[in-house]
Amino acid sequence: MPAFYDTHAHLDYPDYANDLPEVIERARTAGITKIISIGTDLESSRRAVKLAERFAGVFAAVGWHPSNAHEAPEDIRPALRELVKHPKVVAIGETGLDYHRLPGEKAGHAGDDAQYKQKQAEIFRQQLEVATEAGLNCVIHQRDSFDDTLAQLQPFAGKVRGVFHCFGEDAGRMRRVLDLGSLVSFTGIATFKNGQNVRDTIEAAPLDRFMLETDCPYLAPVPYRGKRCEPAYVKEISEVVARSRGCTLEALSAATCRTAGQFFPKLQ
Ligand SMILES: [Zn+2]
């Protein structure tokens with residue numbers, strides 16, 4: 001059975017509080033041999049590290065999600081510098097920019113947007129700095145903020161690479177990411193009936209420049225759409241990606257696992 005990795009999961013979320021060992025066992029049975037649990041703030045990052053200590057095939061990324069930016073400390077670098085020393089911390093993130101629901105959309109908050117964006121940019125920059133120091137790469141979240149996210153990553157190109165996770169942009173934007181030396185990764189959206197735009201991007205992606213992920217508990221692929229997602233469902237995603245590209249599962253397995261091993265050097 002061809003092996004795959006789930007390079008973006010939120011195993012520390014309460015959705016798995018009652019059955020995490022079974023969730024991880026189902027992933028193993030489905031051929032998903034490695035899972036990266038992604039932190040979204042310091043507490044979540046510490047929980048991800050604990051899970052990596054508890055389960056052999058689980059690794060952690062530590063960071064602060066842009067949607068939680070307003071709760072972030074002034075300087076998150078000291079805490080992250082401690083966490084990255086752990087042998088199973090394989091990346092910084094998730095970090096990036098998210099302009100999807102800005103505070104100014106709510107009554108009485110006009111004018112807050114600039115401040116909110118500035119705080120997101122500040123903690124994103126801090127995380128890129130820690131990644132540079134630690135020799136790690138970054139798991140990047142962007143929503144409605146593609147140009148700004150790319151512009152902020154640009155000065156770090158050559159030092160830090162990003163994976164633009166849950167990639168849903170067109171092939172032209174993907175090329176701009178790849179031109180910076182960064183990567184993209186694809187979720188269960190590839191299996192959705194209305195996911196043709198993502199399948200078009202997948203078709204255009206060089207075989208060695210993308211990875212697979214679930215972003216679980218979100219975005220369960222068909223036929224589980226709408227239910228809780230879990231790492232085992234990378235299997236369904238891999239089947240659709242292989243079909244869209246006209247390649248074998250074996251070739252997709254070899255390429256995506258090699259890419260992940262190079263992007264996350266501590267993933268062993
Ligand atoms: Zn995520």
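Remember, it's 1-based here, ligands and their atoms both numbered in the order they're listed.
- Within a 6.0 Å sphere centred on CD of E74, other residues, nucleotides and ligands contribute 12 heavy atoms or fewer.
- Nearest N/O/S atom of D215 with respect to the Zn ion (ligand 1) is recorded as OD1.
- Rounding to 10 degrees gives 90° for the angle at the Zn ion (ligand 1) between OE2 of E94 and NE2 of H8.
- Each of T187, T7, I38 was checked for a side chain to side chain contact (heavy atoms under 4.5 Å, CB included) with D215, and the lone residue meeting it is T187.
- Cation-pi geometry between K266 and F59 is not met at under 6.0 angstrom from the ring centre and within 45 degrees of the axis.
- At least one N/O/S atom of H10, from backbone or side chain, sits under 2.8 Å from the Zn ion (ligand 1).
- No option in I92, T149, V177, V163 other than T149 meets the side chain to side chain contact (heavy atoms under 4.5 Å, CB included) test with I140.
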